Amino acid sequence: MNRALPEMLHCLSGPGNGTDITVLERQRTRVKWQHQEQQNYFVGNFQDLVGDGRCGSVLRHVVTHSVKPDPGFEMNSTITRTSSCPHTEAQVAPEAKGKVSEPAEKMSSTVGRESYKKRKADKVQNTKVVAEDDAKDKRSKVCAEEGESKITTEQTRTKNTTTHPNNRETSADTSRENSKASEVQKPDYIHVRARRGQATDSHSLAERVRREKISERMKYLQDLVPGCNKVTGKAGMLDEIINYVQSLQRQVEFLSMKLATVNPRLDFNIEDLFAKEIFPACSANFPTIGSSSEMTNPAYLQINPAQQMVACCGLEMGVNTPDLMALRRTISAPVSLPETYFDASCFTQLQPPSTWDADLQNLFNLDSNQGRSISFPSQPFTGSIEASNLKMET
Amino acid sequence: MRNPSLIKEEFLKRWIIALRRCTSLKKNMNILERNKVVKLSADLAMASARNGTTSWSRALIANATRDNDNRILAEQILGPESEILVKRVSTMPFKTCNRRKIRSKRILKRSCSSAIRRVRKTVPRKVLANCIAKRLIQKRTHILKSLVPGGEFMDETTLMEETLDYIAYLRVQVDVMRSCTYC
């Protein structure tokens, strides 16, 4: 049975894929082994590291020279940390934010943590998360510090066999590391580290992980939804998001209705396809539209500013020229009913087109005016308008 | 985030193809039908553009194919890929487990509300404020879930992701449709 552990650990680390599961297994097996035989554990851990192929000859030397049971275990933990720290340092830079972490790093941290907890006679935590902050740099520096201090102290330690400095060192390190976090990419198990002064039971840890994920996504949403920057707190942001989604959906409905009315045969030119593709080139025409709009029919004056705002707020700016051309074409066309939907009051609050916010406000006004202006359509559309009105109210 | 102009082009292509397919089916539709067709085709176009990678797209397709009236139309719109898509969508374990979830959630809500009523009188203000904040958030997430297609059956983290995606899609749709109407 003494041989079983190293082999077990070795074959666990073999596939190299289920890193998280194997780390957990490793943890468990190590806890068992601590009580039995430190030496074998030590060797097993060493084999483990070699199996990972990370620590190499330096570790081997160090490990073989320090052959003591209990301090050997601590040394082992410190060694793993020292050897893996430079690795984490090197890899911290190219890493994407909070996405990848190494098995060695995890392992070392779990081992370190274990030793710490063993001192404190705590129970081993099953779920730990090592989530990465912007304090990545800080951690790498600290790691370097730790590394140096560790190496120097470790050399002296080969002669002394006191456990106390070890204890202090490890506890200091773990407490320093406790204030940082890093996230695992594809967790089957999520490894969380309890921060200083926070509850350590698995439920609250899992809860915290969940909360962090949600807040991360909220940040993305903040960038996407306009006007979310001013609001802080989940409830306010959720409110903004809901309003935005609702307004977008209403816009879609309105536009589809408009399309259906304007285009009885539902045939669209391929011209507009091409027009879209020359978007970026059209952005230069933007300032000319302001002047040209005054020349057109006053009924269309209301539309142009909207277009302008839409154009610059939307994802591309080049909608202008095809729209303007289309406008000129449609001036002569008899169908102008959808334009009557645009109440004059919608656009009295026009500001220089700069933000999606303003556009949104206008559309809100538009939507509110929908209810009012719907009452004056021409005959063929009454039935449909009531239907659409109903739809929009819901 | 994906390039918005690429998404737009993709959407526009699919939409126009879908519309053409619809119009080839039935020549003279009245306005309501046209409205429906336009919306449906737009939805399905975008949903198929995502190829079933996101949950809301699957939900959209599922909803569209659920009613028998829409089903034929939807399948026509989706075209030859429809079978694959519909299969992928139907393999998602949507309906059965979620009814159980919904039932259990309702029971939980009822029990919670009664517990809160009891607690409210004896509890200090801070905790009360906390409770109120939580309730607000819960209400709003519930509303958001009703807005995003297929959102009822998700937990919060996935809901956020789906909302992100859905917002991007809605924006694209609005832009495309708006530029289409002005042509």
Side-chain angles (χ1 to χ4, degrees), chain A residues 210 213-214 216-218 220-221 224-225 233-235 238-239 241-242 244-246 248-249 251-253 255-273 275-277 279-280 303 307 310 314-316 319 322-323 325-327 330 338 380-381 383-384 387-388 391, chain B residues 1 4-5 7-9 12-13 15-16 19-20 22-23 27-43 133-137 139-141 143-144 147-148 155-161 163-164 166-183:
Chain A
R210 185 183 142 267
K213 272 192 196 171
I214 290 178
E216 189 193 322
R217 270 147 206 166
M218 289 285 223
Y220 288 133
L221 275 169
L224 201 63
V225 176
K234 235 171 153 183
L238 276 173
D239 213 20
I241 292 167
I242 287 171
Y244 191 56
V245 170
Q246 273 176 342
L248 281 175
Q249 281 178 340
Q251 278 183 51
V252 166
E253 286 225 27
L255 282 170
S256 69
M257 194 60 195
K258 190 172 170 186
L259 268 177
T261 56
V262 165
N263 217 327
R265 277 159 299 131
L266 286 182
D267 51 354
F268 295 100
N269 306 333
I270 306 185
E271 286 177 19
D272 56 11
L273 238 180
K276 282 180 150 297
E277 293 186 34
F279 271 169
I303 302 159
Q307 275 184 333
V310 162
L315 301 170
E316 259 93 13
V319 188
D323 297 345
M325 293 192 305
L327 265 183
T330 53
F381 293 93
S384 58
S388 70
K391 275 187 209 161
Chain B
M1 274 281 176
S5 55
I7 304 177
K8 262 198 201 175
E9 284 179 31
L12 188 63
K13 263 187 260 170
W15 190 33
I16 289 185
L19 276 174
R20 283 197 183 142
C22 285
T23 50
K27 288 294 172 176
N28 295 319
M29 302 179 265
N30 66 3
I31 190 159
L32 284 173
E33 281 184 14
R34 264 184 277 151
N35 188 13
K36 196 174 72 168
V37 156
V38 164
K39 266 192 281 179
L40 192 64
S41 54
D43 285 342
K134 277 187 195 168
R135 286 241 114 194
L136 274 178
I137 291 176
K139 272 188 194 169
R140 282 168 191 174
T141 32
I143 296 174
L144 190 60
L147 280 178
V148 175
D155 56 327
E156 285 198 16
T157 34
T158 38
L159 182 67
M160 290 294 151
E161 282 183 42
T163 341
L164 268 172
Y166 189 56
I167 287 177
Y169 152 61
L170 280 177
R171 262 191 176 174
V172 164
Q173 198 181 22
V174 163
D175 282 337
V176 166
M177 286 176 111
R178 194 178 272 137
S179 55
C180 272
T181 54
Y182 291 125
C183 289

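If you're wondering where the values come from, they're calculated on a predicted model, not measured in any experiment. Each chain gets a letter, A, B and so on, in the order the sequences are listed, and its residues count up from 1.
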S.K.: State, to 0.1 Å, how close L224(A) and A168(B) come at their nearest heavy-atom pair, and which atoms those are.
M.R.: CD2-N, 4.4 Å
S.K.: Do you know which of I241(A), V225(A), V252(A) has the most heavy-atom pairs with chain B at a distance under 4.5 angstrom?
M.R.: V252(A)
S.K.: Tell me, out of Q173(B), K139(B), E161(B), who's got the most heavy-atom pairs with chain A below 4.5 Å.
M.R.: E161(B)
S.K.: Write down the atom of I167(B), the atom of L248(A), and the distance for their closest heavy-atom approach.
M.R.: O-CD1, 4.1 Å
S.K.: Would you mind telling me which of Q246(A), M218(A), R217(A), Q249(A) has the largest number of heavy-atom pairs within less than 4.5 Å of chain B?
M.R.: R217(A)
S.K.: What pairs with L255(A) under side-chain contact (heavy atoms from CB on, under 4.5 Å), at least two apart in sequence or on another chain?
M.R.: V174(B), M177(B), R178(B), T181(B)
S.K.: Listed by chain and number, what are the side-chain contact (heavy atoms from CB on, under 4.5 Å) partners of E156(B), not counting sequence neighbours?
M.R.: R210(A), I214(A), K234(A), T141(B)
S.K.: Only pairs of heavy atoms separated by less than 4.5 Å count here; which of I137(B), L144(B), L147(B) has the most with chain A?
M.R.: L147(B)
S.K.: Within the structure provided, determine whether L136(B) and L238(A) are in side-chain contact (heavy-atom separation under 4.5 Å).
M.R.: no
